[in-house]
There are 2 protein chains.
Amino acid sequence: MSAQPSDPQPSRPRIRDAEATKGRILDAAKKEFARNGLEGARVDAIALEANANKRMIYHYFESKEKLFQTVLENAYFDIRESEKKLELDSLDPREALERLVHFTWNYYIQNPEFISLVNSENLAQARHLKTSEPVKIVSRRFVGLVDTILKRGVTEGIFRSGIDPVQLNITIAAVSYYYFTNQYTGSIIFERDLMSESAQAERIRFNIDTILRIVCL
Amino acid sequence: MSAQPSDPQPSRPRIRDAEATKGRILDAAKKEFARNGLEGARVDAIALEANANKRMIYHYFESKEKLFQTVLENAYFDIRESEKKLELDSLDPREALERLVHFTWNYYIQNPEFISLVNSENLAQARHLKTSEPVKIVSRRFVGLVDTILKRGVTEGIFRSGIDPVQLNITIAAVSYYYFTNQYTGSIIFERDLMSESAQAERIRFNIDTILRIVCL
DNA sequence: TACCAAAGTAACCAATCGGTGCAAAGGGGT
DNA sequence: ACCCCTTTGCACCGATTGGTTACTTTGGTA
């Protein structure tokens, strides 16, 4: 079971690399918090998954709450960073909106942890986000995104005027977010597999249609 | 502070009443599970809030998980029971739909625990609901509700045909549910109080408009 | 009124949790 | 080669958790 005497690296190379360890802890924490919620997540489980010692978590992140806060902030930075890459200004308003709805849907699929983390934060009455100025800053541009599309659509004469961009933003998120966060109870209540390929294709089509009907004349 | 000697009930009446105790436990459990989630809820806190002994909880409900399951099932029974009282068949399709959207919104306001419980259940991948046949049964009629309205609207020539009632059902829930469940993070991201009277009034108007735009020709 | 199942209580338990003290090992700067 | 701070590991702690054992009290009824 033990390493042979001639083996220079007993069983694990165990290189000193603070950034790598921090990164592994954050990845593991994101998974654990997403799967079990803030209260349900176990620090020992995070350490095990990260292939790190529990002591490291407290060394780098001070407490379970602070670790959660860091994970959550990073999640918001990630989604806003992805949105920046969309370059919606080069598209006509209608296509830009379609693309945004599509993006939101795809982001939730590819990053299911995001929804779960946000749910946990709302159960905690957003007490971790309240003190995070950086998240507020990156959110501002995001709100402006839809506003710009909306205004362009109005001047081009294809969108209604007077639509509150915040309400539209919320609705774009809602129609996708709700579908995923309630996929388990939903599949039982409606007695169909909401996550099958065909069901997903049907839903994204319905969502795009819904958003366009809100804004179009 | 203490009762007078002539008082026939010294300080606590402490009457033997199994049903009343069960009810108090269920009420307290609903509050505690809603506030702190399935994992975050404390059995001791439930016992304290219910003014009952912790042993009683295990006597009547076997385990924390079974208690949660009972609370959750009751929550579904309650919302479906409320929906039955709407009598949407007596209204014309457009009014019926408006009323249903309004009802959904108001139910979430008056029963904020419902949303939180459903969120907890989805975090648990609906493992408590899976085995509950009664919930499936009461859900069937609920799905049929929108289907009937939709069909009436089509024959009256005011609704589009070919709309999936399940998609519409999901969307009706989504636009209200998302707004409430994400009220804390949302108020930070959008930098406005989403729960103020005026914000709520604006949102419900937007939601009704959204749903009508989906179905109307 | 004596009985006894049901209702209620208090003290307790093993397991687990988030969090620490402390010492050893690694590796860049000099 | 040496230093010395950072990184890592292990064993441990007090508090809390869901759950239980053993007991007393209540009240309908034969």
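Predicted model, so just to flag it, every value in this text is computed and none were measured. Proteins come first, then strands; the chains are lettered A, B, ... in the order of their sequence lines, and each starts at number 1.
Considering only side-chain atoms of A:V43, the nucleotide from C:dG8, C:dG18, D:dT20 that sits closest is C:dG18. Closest to the side chain of B:M56, from the set C:dG19, C:dA7, C:dA10, is C:dA7. Considering only side-chain atoms of A:T21, the nucleotide from C:dA7, D:dT8, C:dG19 that sits closest is D:dT8. Distance from the side chain of A:H59 is smallest to D:dT8 among D:dG18, D:dT8, C:dG18. Here the side chain of B:R55 is nearest to one of D:dT21, C:dG18, D:dG19, namely D:dT21.
Backbone-only engagement by A:Y60 is indicated by non-hydrogen atom pairs under 4.0 Å involving sugar-phosphate atoms exclusively. Nucleic acid contact for B:A47: none, since no nucleic acid atom lies under 4.0 Å from a heavy atom of the residue. Looking at heavy-atom distances under 4.0 Å, B:A20 makes no contact with the nucleic acid at all.
Contact record, B:H128 with B:E65: NE2-OE1, 2.7 Å, taken as the closest heavy-atom pair. When all heavy atoms of B:A96 and B:I149 are compared, the pair lying nearest together is CB-CD1, 3.9 Å.
One can place CD of B:E65 at 16 Å from P of D:dT17, the figure rounded to the nearest angstrom.
Between B:F180 and B:W105, the ring-plane angle classifies as tilted under the 30° and 60° cut-offs.
Residue A:K54 places a side-chain atom within donor-acceptor reach of the base of C:dG19, judged by atom type and a 3.5 Å distance cut-off alone.
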### Query
Between B:E32 and B:N36, does a side-chain hydrogen bond (donor to acceptor under 3.5 Å, both in side chains) hold up when you go through it step by step?
CA-CA 6 Å; B:E32 176 74 5; B:N36 302 319; 3.0 Å; yes

